[in-house]
Amino acid sequence: MAAASDALRVERLVLALNGRRYEAAADELDPSTTLLEFIRTRTPFRGPKLGCGEGGCGACVVLIAKYNPKTDEVTEFSASSCLTLIYSLNFCSVITTEGLGNTRDGFHAIQKRMSGFHASQCGFCTPGMCMSIFSSLVGADNSKRPQPPNGFSKLKVSEAEKAFSGNLCRCTGYRPIVDACKSFASDVDLEDLGLNIFWKKGDKKPDVGKLPSYTFGGGICTFPDFLRSEIKTLQQHLDDVNITTSKGSLYHPTLQNYTLCGGIFTFLDFLKSSLKYQRYHLNDANNTVSKDGWYHPTSIKQYYELINSTLFSECSVKVIVGNTSAGVYKDYDLYNKYIDIGGIPELSSIVRKAEGIEIGAAITISRCIEILEKESKHMSSPNGSVVFRKLADHMSKVASPFVRNTASLGGNIILAQKKPFPSDIATILLGAGSTVCIQVVEEQRHITLEEFLEQPPLDCTSLLLSIFIPHWILDSPTETSLVFQTYRAASRPLGNAISYVNSAFLGHVSFDESSGDHVLSNLHLAFGAYGTEHAIRARKVEKFLTGKLLTASNIHGAIQLLKETIVPMKGTSHPEYRISVAVGFLFSFLCVHVKGIADPGKTFSTSPDDSVDIIEHDSPLTSRQETISGDEYKPIGEPMKKYGVELQASGEAVYVDDIPAPKNCLHGEFIYSTQPLAFVKNITFKSSLSSQKIMAVVSAKDIPKEGQNIGSMSMFGDEPLFGDPITEFAGQALGVVVVVEYDIVDLKPPILTLEQAVQNNSYFNVPAVFYPKQVGDFSMGMAEADHKILSTEVKLASQYYFYMETQTALAIPDEDNTIVVYSSSQYPELAQTVIAKCLGIPLGNVRVITRRVGGGFGGKAYRSFPVATAAALCAYKLRCPVRMYLNRNTDMIMVGSRHPMKAHYSVGFKSDGKITALHLDLLIDAGISEDLSPIIPSGVISALKKYNWGALSFDIKLCKTNNTSKSSMRAPGDTQGSLIAEAIIEHVASVLSLDANCVREMNFHTYDSLLLFYPASAGEESTYTLHSIFNRLALTSSYRHRADTVKQFNICNKWRKRGISCVPLIFNVSPRSAPGRVSVLKDGSIVVQVGGIEIGQGLWTKVQQMTAFALGQLWPEGCEGLLERVRILQADTLNLIQSGVTGGSSTSESSCAATLQACKLLISRLNPIMNKLRLQSATVSWDNLISQASQENVNLSASVYWVPEQGSNSYLNYGAGISEVEIDLITGAITILKSDLVYDCGMSLNPAVDLGQIEGSFIQGVGFFIYEEHQTNSDGLVVSNSTWDYKIPSVDTIPKQFNVEVLNTGYHKNRVLSSKASGEPAVVLASSVHCALREAIRAARKDFSCSTEPAGTSPLIFQLNVPAPMTVVKELCGFDIVEKYLENLSAHESAS
């Protein structure tokens, strides 16, 4: 075959990273290397984190800047570095959070404000948050908006939450992050911002001058001059040799024989030398050049020469633009060749035509939005602009900003054409009547998008060149009006969630004067994502409606046709929901043009001055925080910023995966079973590029003969590290691949459900000491009852931890048969024990170190052991360091989750709502091993006991199933128990037609009944604050008025309903023993070691404050001066023993108690020295005191082991929460309008820390009760195993108004400086959202008289399980409510 045109192959990569120059040869970098991998393995920067590898969490966000030498312009945008391939950034500049600011150069205003607004807890997500906010500020400042006042950006308050809408945070609840971002907005009212360190509440007029100074434009050079110079020089040479490219910043000649360097002189010297370009004759079979690499065709001709060459005949090749598809459809194997088609001019062109606009397929979605918005503003016809404007608005809800910035318009459509990808963009462009231009070898074809989607999946011989979007402006005025609408039903309003169903409708509407009705013509009705291979047009419906009068009966007929058209494929989740929503969308579009039909798109307020009803769905978030700082124990009680928070914001805080890889470090990944109860016959690997990188497989056979197959343990039992030879559950580890296909033989049927566990009598024993105590005589209580509810069911599903940092460990073999393991663990002490047992070596030979944890919530306690143990085993066997960092999918499948439960309750009660007896039958799914499951029953019953049930009995069974082991998760047991209690209360209220709050208060404890139900923890009568809290909350939140307003709202609105509910909180806390050591060094600096682990809960901050307070009496300038001298050290199991587990909300106070005790011991040693020195001078400095003590050989290190005093082993926390929600009956979408919380923190050690814990735990609870669907397949394997399938709350799903009051309830003699726990209890208050949702659904069912329960059952009584996402809401409101509504209207039409 004759040689064809040549194409340049990238031989060197040049880019700037935080202003530094990096250069690497192609042989040094695999073409599949992502930007994130490059940054974290080849540079000193660790700010961007690997949170999901899917572009779904934002932990890895960076800013990318590209320079165009022809226009001398720099374009900046945020991007997901886990998806961006490094070779796509040739001659680009990248900024990470370290580039904004750091310890040496000073911190950026964003980092300082994130710190000062208490917007970082575990800190793992904070670098990505900072970069998203920075990108938004830069984008706003580069706009043509008016210049803002000094100290502000051009950003608007309404844009603040959208600035990081794709970033996830599991800790904070987002509210303080929104405040930090709002503080930059030009239209912000500073008084509306939440708690911060810059001014105190009540200050007369907060001044922007008190905030860290912001430099307009961001204050950072995003594209360094040296890189501009190189590009200009390169462009000049390219022009000299007559090489033209469409992206001058992306192409460069082959560079040979140059090593990685930091300066620019090597490169420039090369350019000055004889410039020769290495060409590859692609069709030359004798070509000896390496086939691997990154290829940049600069024309369609070059592209076809590439794919038709022998070079690409038998290799793994991927054609890309932005590579964002890898976040949706994982690359399960590596590619050794990439063809980047972004440099082909035709794919990046924008052509304005008379009928519309043609957009190149490689144009990013973000750029497409800009183009459409700009075009819509410049159109003279009002009707003409509607299509482009609505398309742009809908596209802004697709994915997230940092994904839209790199994802191409054509790539999205190609994905929808080749795979069953639920693309919004394909659907809305289909509805707009778009066409596409494709290149097939030498022929260009123009076809409709509908025809394109219906073709067989495209291969690399076809190129999508462009998409043409008509604007639908008519040449001459007519009597018809253009109507165009798009719709989507997704779990998140602002995007970052795929649609259950989407649609786009276009047509021309005219008025028929004879009938007074409207008529539609030229209809385009597009539907997608409902479980179809691709978006479709509902042709039969279009034909049916065209020319017909728009009446209720005709719309009803169209809907019947639509239901025949919208048929989800087999296996599609929620098929009935998708059909129903599609029907609702068409109804919403058509009903606007029909007189007498209530418009679902409109919300009617009860009165114009009603404060409740002005809460709009797109209004900015607002909040109020009330805290009281104590002066008695300063700096204890002060809302100080978190210890080390700037390091978290700047990316300098070190997590386990940030520890530089030691020499010869290997990386391990679990092999796990996909089936339960199967005999592992053998493990083989498919031949692939990935398998070539495997160095070893470590399994149970490699455990030392002195060791044991143990991966986790608790006081109740052990769990094996590997399934050998039988895998007991889907997701169980079979071994570790050190960088599958395996045969299995099924055994007996597995036990996967609670019902199957009961049938097989498969239970774990709950030791008597952990089994809760019953109260009273149930039979007698039922005999006293006027009414009874018998055996009613409540189901609660599981919840995944979704810590931002997945399970990780680094194991390093050391001398003398010892090993050091860095583990992200809440329980290093027990991890040490498990590792030692597995390896068969003494505990003293195992050192486990934990500095900080990127989120835990209980999942980094016992569930962290298998990862640490597996890494240790691999390192021990291979005698080299081994790092394990579970990818998000593996973590979600293997680690476990919150306990699923099924409860049946029988309750007796009086006619006034007073409950006399309750019996609960409870089944708990513990999974395959005990873990901590035997303690869960006591948590459930403890939460249940918050009401006086009269008599309380229960039968609890802990079921053993072939599922992953369930473990403790934030407020374990209490979260489920509280919801069960509220379900019972609301059921009783419903039966009696009473207000649920009246029934609640009727069954509140008196102090005497509190002692009966909580004999060990009730405390003194003065500490029982629930009644006053509940009354205070009802008063401050205007509960009665709001409840009345909700009723009126529901009368006025047909398609939207609201609900409001108030729930109480009683939470039992049990402090545990804790070690502590305080040491003063010769220069007066102080180092503190405690057993507790910093997991984001502010433990280090409180310990720092406690140290300064306790030693402050020896500091002449006041205790605040000591704060800067205090350093908290990481946990080390050979340095500080008996550390225990960090959990149960009490570790902070236990660590503070140990610190206080150690400080007192130091003071007792230092006081004699102080007294001597005071005889010589009235004022003794701290430095002189320590110097003298050192000279006199005083022991300046005090170690203690604090043990709670008898009688103070447990206590009760109190609180209450009110939530108001609104539901959309067409889609089931849920909006939390307002949540008000009041929480008793005793005398808070740090109100800012406690406030953050309360808000964060509440939002995590909202996730459990509403949004998070933990799903498994028929084998028990977790299938909701990614950010695409599992949706934790995001900034657009939190309450629109979020108000929290942290009460200071005074002196509590048995508490640490009168403080109380805050980490877990507020999770329980999120049940107020679930209860409010029930009320809203009840209002809808009342309106439509629908019942999903057995015949004869009132529609007002129904089962609302956990979680209750929009699909469940829609089902309970009725899948057929639109049809019923239209049938009634049609009947009226016929009658009239």
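For this chain, numbers begin at 1 and follow the sequence in order.
- Applying the side chain to side chain contact (heavy atoms under 4.5 Å, CB included) criterion to S911, with sequence neighbours excluded, gives D786, H787.
- Between S933 and H899, the side chains place a donor N or O and an acceptor N or O closer than 3.5 Å (distance only, hydrogens not considered).
- Here ring-ring contact (aromatic ring centres under 6.0 Å, His included) pairs that include residues 1238-1260, with residues two or more places apart or in two chains, are F1258-F1298.
- Under 3.5 Å, the side chains of Q625 and S623 contain a donor-acceptor pair of N or O atoms.
- Atoms OG and CG, on S1315 and N1246 in that order, are 11.0 Å from each other to the nearest 0.5 Å.
- Taking 4.0 Å as the cut-off between side-chain N and carboxylate O, R175 and E1255 count as a salt-bridged pair.
- Inspection of the N1209 and S1070 side chains reveals no N or O donor paired with an N or O acceptor under 3.5 Å.
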I1266 and V1221: side-chain contact (heavy atoms from CB on, under 4.5 Å), yes or no, with the steps?
CA-CA 12 Å; I1266 305 298; V1221 306; over 6 Å; no
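- The distance from the OG atom of S953 to the CG atom of L920 is 8.5 Å, given to the nearest 0.5 Å.
- Put simply, the residue from L1033, I1060, D1044 that forms a side-chain contact (heavy atoms from CB on, under 4.5 Å) with Y1039 is I1060.
- In this structure, E1220 CD and K1234 NZ are separated by 7.5 Å, a value rounded to the nearest 0.5 Å.
- Residue G1319 comes nearest to S1257 through the heavy atom pair O-CB, 3.5 Å, listed as atom of the first residue, atom of the second, then distance.
- Not counting sequence neighbours, K945 has no partner by the salt bridge (charged side-chain N to carboxylate O under 4.0 Å, His left out) test.
- Distance check, rounded to the nearest 0.5 Å: NZ of K1316 to CZ of R1311 gives 8.0 Å.
- Between the side chain of T916 and the backbone N or O of G908, at least one donor-acceptor pair lies under 3.5 Å.
- A side-chain donor-acceptor contact under 3.5 Å links Q976 to the backbone of G973.
- Taking E982 as the reference, K946, R1000 meet the salt bridge (charged side-chain N to carboxylate O under 4.0 Å, His left out) condition, with sequence neighbours excluded.
- Using modelled atom types, one finds a donor on one side chain and an acceptor on the other under 3.5 Å when comparing S1235 with S1219.
- When each of P1321, C1241, S1318 is paired with Q1253, the side-chain contact (heavy atoms from CB on, under 4.5 Å) condition holds for S1318 and for no other.
- When side chains are defined from C-beta on, R970 counts as touching V1323, because their heavy atoms get closer than 4.5 Å.
- Using a 4.5 Å heavy-atom cutoff, the side chains of Y827 and T1142 are not in contact.
- With D1240 as reference, T1025 is the one residue of N1304, T1023, T1025 to meet the side chain to side chain donor-acceptor pair (under 3.5 Å) rule.
- Listed by chain and residue number, nothing satisfies the salt bridge (charged side-chain N to carboxylate O under 4.0 Å, His left out) test with D921 (two or more places apart in sequence, or in another chain).
- For the residue pair E1320 / S1145, a side-chain donor-acceptor distance below 3.5 Å is found, with atom types taken as modelled.
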Assess whether side-chain contact (heavy atoms from CB on, under 4.5 Å) is satisfied between M782 and L790, documenting all intermediate values.
CA-CA 11 Å; M782 290 297 275; L790 300 177; 4.1 Å; yes
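- Considering only heavy atoms from C-beta on, V1302 stays 4.5 Å or farther from E626 through its side chain.
- Residues A1322 and I1254 approach most closely at CB-O, 3.5 Å, considering heavy atoms.
- Taking the six-membered ring wherever Trp is involved, the centroid distance between the rings of Y905 and H919 does not fall below 6.0 Å.
- Looking at L1212 and L1010, their side chains come closer than 4.5 Å, going by heavy atoms from C-beta outward.
- Aromatic ring centroids of H1027 and F1004 lie under 6.0 Å apart.
- Expressed to the nearest 0.5 Å, how far NZ of K795 lies from CG of L979 amounts to 14.5 Å.
- In this structure the side chain of P639 reaches within 4.5 angstrom of the side chain of L195, judged on heavy atoms.
- In this structure, E1205 has no salt bridge (charged side-chain N to carboxylate O under 4.0 Å, His left out) partners at least two apart in sequence or on a different chain.
- A donor-acceptor contact shorter than 3.5 Å links the side chain of S1151 to the backbone of T1147.
- At least one side-chain heavy atom of Y1201 sits under 4.5 Å from a side-chain heavy atom of Q1138.
- In terms of heavy atoms, P972 sits closest to I936 at CB-CD1, 3.6 Å.
- Remark: side-chain polar atoms of R898 are not paired, donor with acceptor, to backbone N or O of A797 under 3.5 angstrom.
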Quick one: do E1149 and K1102 satisfy salt bridge (Lys or Arg N to Asp or Glu O under 4.0 Å)? Show the steps, please.
CA-CA 8 Å; E1149 61 183 281; K1102 291 181 176 180; over 6 Å; no
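- Between W949 and I984 there is a side-chain heavy-atom pair separated by less than 4.5 Å.
- For the 3.5 Å distance criterion, the side chains of D931 and S714 fail to qualify, holding no donor opposite an acceptor.
- Separation of the F770 and F716 ring centroids falls under the 6.0 Å cut-off.
- Residues V999 and A989 share a closest heavy-atom pair of CG2-CB, 3.8 Å.
- Residues R1040 and D995 are paired through a salt bridge, judged by an N-O separation under 4.0 Å between the basic side chain and the carboxylate.
- Side chains of N1299 and D1236: a donor-acceptor N/O pair is present below 3.5 angstrom, by distance only.
- The OG atom of S1146 sits 7.0 Å away from atom OH of Y1211, with the distance rounded to the nearest 0.5 Å.
- The 12-atom threshold is exceeded at NZ of K910, counting heavy atoms of other residues, nucleotides or ligands nearer than 6.0 Å.
- Of the possible polar contacts, none joining the R170 side chain to the P1289 backbone as a donor-acceptor pair under 3.5 Å is found.
- Nearest heavy-atom pair, L1313 versus M1106, reported as atom, atom and distance to 0.1 Å: CD1-CE, 3.6 Å.
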As a quick check of understanding, evaluate side-chain contact (heavy atoms from CB on, under 4.5 Å) for F1030 and C1062, giving each step before the final call.
CA-CA 9 Å; F1030 205 76; C1062 182; 3.3 Å; yes
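- Smallest separation of non-hydrogen atoms from A1074 and A1154: O-CB, 3.6 Å.
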Show your working on side-chain contact (heavy atoms from CB on, under 4.5 Å) between V940 and I956 and close with a plain yes or no.
CA-CA 10 Å; V940 174; I956 303 175; 5.7 Å; no
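- For the pair Q799/V1362, no side-chain contact is recorded, criterion being any heavy-atom separation below 4.5 Å from C-beta on.
- Using modelled atom types and a 3.5 Å distance limit, the side chains of Q1359 and N1361 yield a donor-acceptor pair.
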F1109 and Y633: ring-ring contact (aromatic ring centres under 6.0 Å, His included), yes or no, with the steps?
CA-CA 7 Å; F1109 158 72; Y633 306 116; 5.5 Å; yes
